[in-house]
Amino acid sequence: MGMTGILVSAARYRPADDASFSSTPGTLRPWLCLVFLLAVLGGAAQPATAQQDGDQVPRIDEAEAIFRQALDAFDAQDYGMAFRRFRIVYEAYPLHRKTTAAILMAGKALYRDGDAVRAAELLTEFVRAYPTSGYQDEARRTLELAERKLRGDQEAARVLRLGIALPLNPDEAPLTQALFNGIRLAVEAHNRTEDRAVQMIFRDTRNSQIGARQAVSTLTGTAGVDVILGPLYSNEAEAAAGAAESAGVVLVAPLATDEGVARGRRYVFQANPTIVSRGVLMARLAVEDLGARAVGVAAERGNSISERMAEGFQEEALRLGADVAFFELLPSSRDWGQLSERVGPEALRAIDALYLPVSGRNAGRSIEAALNSLDRANVSPRVLGNSEWDGLASKRLASAFGVVYTEDFFVDEADAAVEAFDRDYRRLAGQAPGRLAYVGYDVARFLLAQLTRADGASLPEALRRAEPYQGLGTRIDFRQSNANEAIFFLRFRNDEAVLYR
């Protein structure tokens, strides 16, 4: 039986329809190459002559039986088993009637099994080694499909997948929309200038911890994202963080301030400074920049935000060698107006700086009460505050005390880049950008810049090695921690708040 007969005996295979590439091919046994050498030495016109002449190609019953087993596995769509059985047929025996059919079918099985790299390499060798085989057309067709899939996979591998996990319920939808619009503008800016395009994939967290975990699990699973931005709040972010950490996919929470979100995790980052770190950063400014050697702290008992900032400040000031002269916990927000009486004028005169982390619904009123209390006592320590001091009504009194405060968001309206973003955002959303729009844009720009320089496995290290980032309204620095330790410092001067550092 010649090659035509062999082709008919292999007619049970199905046409290929898909391709994907991955590992190294099985190799043809050395005796296949030896066919060419023997043909030359023996004076044959070409190596395929023997294959085409059934009388010169032996039949090996054991190989025929294995070939039938391989066809059965192929028909059952067990392509891994089919390939292994076909490989035995062409590797374990000398040249015989099923050799070339087995090589072709092994290539098709590899292709169907999703291993288009090995399929392409095996079929390429087949096309080269058997130029007159009756299987040439079918081998070339399958090879073309495999190579096409390879090109598609290579192109897909160049696309970066940015997962976005945010809530869509009515209460949070406006916040999500603003943040998403900023992210979208960052992605568009990236795609205009970078070779590796970014694709956004969105999942709804449903404003719940369960929904956040499920959204992240879907993004890291079937969606196959490279990195995730979201969720909105600390409780959702902490729930989502576990899923991201388990999957080994970087998650950057844009707004979360609770220390537990990123603590102890390799793949989870917080772009918003934590509550404690705000106090820590203010202590560094007080001691290292303002030269304060003796400091005082007052906070509101039972107000966790006020307490945690105060504790962070105290711990860092002591670490830096400053003297914490007093740590006053006020019983309630009403007691800010009695600050100087509770601490005592002498204690206030003995310090260089006084940290007042005020927080809560009536923060503005409490701040004014505290400043008035200090003014009545005729004391003048440098007063230090937090973001609640922004927009203070008593700017004159704040200027008199030289108040410096931390702020995680600041936009220079005169910056040309800010003006350009404002125009782009208005064109997209029909309104001026707010804080969340800037945050979405800045965090996404920083993240994508690092992602293009690192594969998924090294992205955490790339984020931790990145130089401090100055965005349009946000600063980011992960060099010391997975929680951002970059912040703005503003001060009151001449009855207005201006950027200090």
Side-chain angles (χ1 to χ4, degrees), residues 1-35 48 50-52 54 57-153 156 222 224:
M1 180 174 65
M3 286 298 292
T4 302
I6 296 175
L7 181 62
V8 171
S9 69
R12 292 168 59 191
Y13 61 73
R14 306 288 186 267
D17 56 0
D18 198 8
S20 77
F21 279 42
S22 77
S23 68
T24 56
T27 55
L28 302 184
R29 288 176 63 87
W31 58 259
L32 292 178
C33 296
L34 184 62
V35 172
Q51 299 171 48
Q52 293 172 335
V57 180
R59 174 188 176 91
I60 301 177
D61 290 341
E62 186 177 353
E64 297 271 347
I66 297 172
F67 186 85
R68 287 192 295 273
Q69 292 174 349
L71 284 179
D72 289 340
F74 190 94
D75 286 341
Q77 299 182 7
D78 187 352
Y79 300 118
M81 172 64 76
F83 166 71
R84 293 191 294 273
R85 304 306 286 173
F86 284 128
R87 183 171 59 184
I88 292 172
V89 173
Y90 67 77
E91 283 194 346
Y93 301 94
L95 183 68
H96 60 94
R97 293 186 179 186
K98 287 295 190 290
T99 295
T100 52
I103 297 170
L104 171 66
M105 292 303 297
K108 293 175 73 67
L110 285 170
Y111 172 75
R112 290 287 189 89
D113 202 34
D115 195 348
V117 167
R118 296 172 69 189
E121 294 184 358
L122 184 62
L123 293 170
T124 296
E125 179 62 19
F126 177 88
V127 169
R128 186 197 66 78
Y130 301 100
T132 61
S133 168
Y135 296 133
Q136 276 282 323
D137 289 345
E138 184 63 18
R140 290 179 185 275
R141 280 194 295 271
T142 307
L143 177 59
E144 181 181 355
L145 288 172
E147 290 176 338
R148 185 186 307 164
K149 184 65 165 62
L150 174 60
R151 291 191 296 271
D153 284 354
T222 56

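Everything quoted here is computed from the prediction, not taken from an experiment.
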With sequence neighbours excluded, what pairs up with D137 under the salt bridge (charged side-chain N to carboxylate O under 4.0 Å, His left out) test?
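By the salt bridge (charged side-chain N to carboxylate O under 4.0 Å, His left out) rule, D137 matches no residue at all.
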Run the salt bridge (charged side-chain N to carboxylate O under 4.0 Å, His left out) test against E144 and tell me which residues pass, sequence neighbours left out.
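E144 satisfies salt bridge (charged side-chain N to carboxylate O under 4.0 Å, His left out) with R148 once adjacent residues are dropped.
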Side chains of Y90 and T100: closer than 4.5 Å at any heavy-atom pair?
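Contact flag for Y90/T100 side chains = no.
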With side chains defined as the heavy atoms from C-beta onward, is the minimum distance between D115 and V117 less than 4.5 Å?
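Touching, per the 4.5 Å side-chain cut-off.
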Quick one: [atom1] on [X] to [atom2] on [Y], what's the gap to the nearest 0.5 Å?
| X | Y | atom1 | atom2 | result |
| --- | --- | --- | --- | --- |
| R112 | F83 | CZ | CZ | 16.0 Å |
| I103 | Y135 | CD1 | OH | 10.5 Å |
| L123 | E138 | CG | CD | 9.5 Å |
| L110 | R84 | CG | CZ | 10.5 Å |
| Y130 | L104 | OH | CG | 12.0 Å |
| F74 | D113 | CZ | CG | 10.0 Å |

Is there a salt bridge (charged side-chain N to carboxylate O under 4.0 Å, His left out) between R128 and E125? Walk through the geometry before answering.
CA-CA 5 Å; R128 186 197 66 78; E125 179 62 19; 2.6 Å; yes
So, for [X] and [Y], which heavy atoms are closest and what is the spacing to 0.1 Å?
| X | Y | answer |
| --- | --- | --- |
| P94 | T99 | O-OG1, 4.0 Å |
| G107 | A119 | O-CB, 3.4 Å |
| L143 | A120 | CD1-O, 3.4 Å |

Which residues satisfy the side-chain hydrogen bond (donor to acceptor under 3.5 Å, both in side chains) test with R140, sequence neighbours excluded?
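In terms of side-chain hydrogen bond (donor to acceptor under 3.5 Å, both in side chains), with neighbours along the sequence ignored, R140 is linked to Q136.
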Output all residues satisfying side-chain hydrogen bond (donor to acceptor under 3.5 Å, both in side chains) with Q77, sequence neighbours left out; order by chain, then residue number.
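Applying side-chain hydrogen bond (donor to acceptor under 3.5 Å, both in side chains) to Q77 gives none.
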Do any N or O atoms from the side chain of H96 and from the backbone of D61 form a donor-acceptor pair under 3.5 angstrom?
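No, H96 side chain to D61 backbone: no donor-acceptor pair under 3.5 Å.
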Does this structure show an ion pair linking R97 with E64, if we count only N-O contacts that are shorter than 4.0 Å?
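Between E64 and R97 there is no salt bridge, as every charged N stays at least 4.0 Å from the carboxylate O atoms.
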Once side chain to side chain contact (heavy atoms under 4.5 Å, CB included) is applied, do any residues pair with A70, and if so which ones, sequence neighbours excluded?
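Scan of A70 (side chain to side chain contact (heavy atoms under 4.5 Å, CB included), adjacent residues dropped) gives R85, F86.
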Between F67 and L71, is a side chain to side chain contact (heavy atoms under 4.5 Å, CB included) present by the stated rule, with each step listed?
CA-CA 6 Å; F67 186 85; L71 284 179; 3.5 Å; yes
Between T142 and F126, does a side chain to side chain contact (heavy atoms under 4.5 Å, CB included) hold up when you go through it step by step?
CA-CA 12 Å; T142 307; F126 177 88; over 6 Å; no
